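Each chain gets a letter, A, B and so on, in the order the sequences are listed, and its residues count up from 1. Note that the structure is predicted; figures quoted are calculated from it, not measured.
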Amino acid sequence: MTAVAEHGKQHLLEVEADLMQTTFLLSGAIEKLGASFMAIHETVTAQQQRIDSLISAIELPQDEVQSITEYREKIGEEVNAAITGLQFQDMTSQLIARTIKRMNGLSELLAALATHGDGMETEHEHEDIARLLAEMNASLSTRNDELKGGLRKSVAQHDMDSGEIELF
Amino acid sequence: MAKTILAVDDSGSLRQMVAFSLKAAGYDVVSAVDGQDGLNKAKEKTVDLVLTDQNMPIMDGLTLIKNLRDLGSYQKVPILMLTTESSDEMKAKGKAAGANGWLVKPFDPKRLIEVVQKVIG
């Protein structure tokens, strides 16, 4: 049983390392996306101001002005959509942090399994094995209760649609 | 004179997006990285609206609201929660703590501004 627990712990360590790496990658990605978004927005704003100056300086046909206005509205809609989408990292980081906590809890449960499993030899009487299993179960239940408080799920979202609003 | 909004969130990307959206609508924005930082900044200057996340290190949003409501200058300042939390239980806790509204992330900038304008003009 100890060997099984050790094997499980090794897998959990690998998963934790991958999740940490994912967190760093997502963090780096959102930083770059945020910076690019800001730079694009500044450039587009400057470009729109330049277009406004040109429109006021030269007389453009009405359909051209209308076309420019429609482009501007479309850019505004896409900027709003991008702002909503760029909030993914706030949610993914919370979910990953919760997963890592749960993994750490599982790792500790496996450690408890190994500790109690050490004393459980195949030649023991049924009563001894039953007692060891009961001790293990009690230990796991205690640990599970300790974990519950820190594992409350704070992110229920399953998509990037904007959330509901309620004024009290 | 532009109204000032205190935006409290431990996520850098969220602070960036909230500040961008509010500034584009003509508001001044003071940002804070957690509840304690938010409380300190709120004491430095009374703002017109507080927009706060719930789950943050050091001090969470509900604790921040309770602390702000204990300050004389913040008894009537609107406070909105902007959080991933969407359960009725958490909303009830927010309302009891003194929040005036609850916005679930991710936010849509247009809707955020509509709410802010409705609350503080």
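- With hydrogens and angles ignored, the 3.5 Å screen pairs a side-chain donor or acceptor of A/Thr84 with a backbone N or O of B/Phe107.
- Neither the backbone nor the side chain of A/Phe88 has a heavy atom closer than 4.5 Å to any heavy atom of chain B.
- Between the side chain of B/Glu85 and the main chain of A/Val155, no donor-acceptor pair closer than 3.5 Å is present.
- With hydrogens and angles disregarded, a donor-acceptor distance shorter than 3.5 Å links the side chain of B/Thr84 to the backbone of A/Ser154.
- Ring pair B/Trp102/A/Phe168 is tilted by interplanar angle, where 30° to 60° counts as tilted.
- In this structure a side-chain-to-backbone donor-acceptor pair under 3.5 Å is missing from B/Arg111 to A/Glu164.
- Using a 4.5 Å cut-off between heavy atoms, A/Glu31 makes no contact with chain B at all.
- No part of B/Leu82 comes within reach of chain A, as not one of its non-hydrogen atoms sits under 4.5 angstrom from that chain.
- With a 4.5 Å cut-off on non-hydrogen atoms, B/Asp108 touches chain A through its backbone and its side chain both.
- Distance alone, capped at 3.5 Å, is enough to place a donor-acceptor pair between the A/Gln157 side chain and the B/Lys105 backbone.
- Both the backbone and the side chain of A/Leu86 have a heavy atom closer than 4.5 Å to some heavy atom of chain B.
- Heavy atoms of B/Val18 lying under 4.5 Å from chain A are absent altogether.
- B/Ala24 does not touch chain A: none of its heavy atoms, backbone or side chain, sits under 4.5 Å away.
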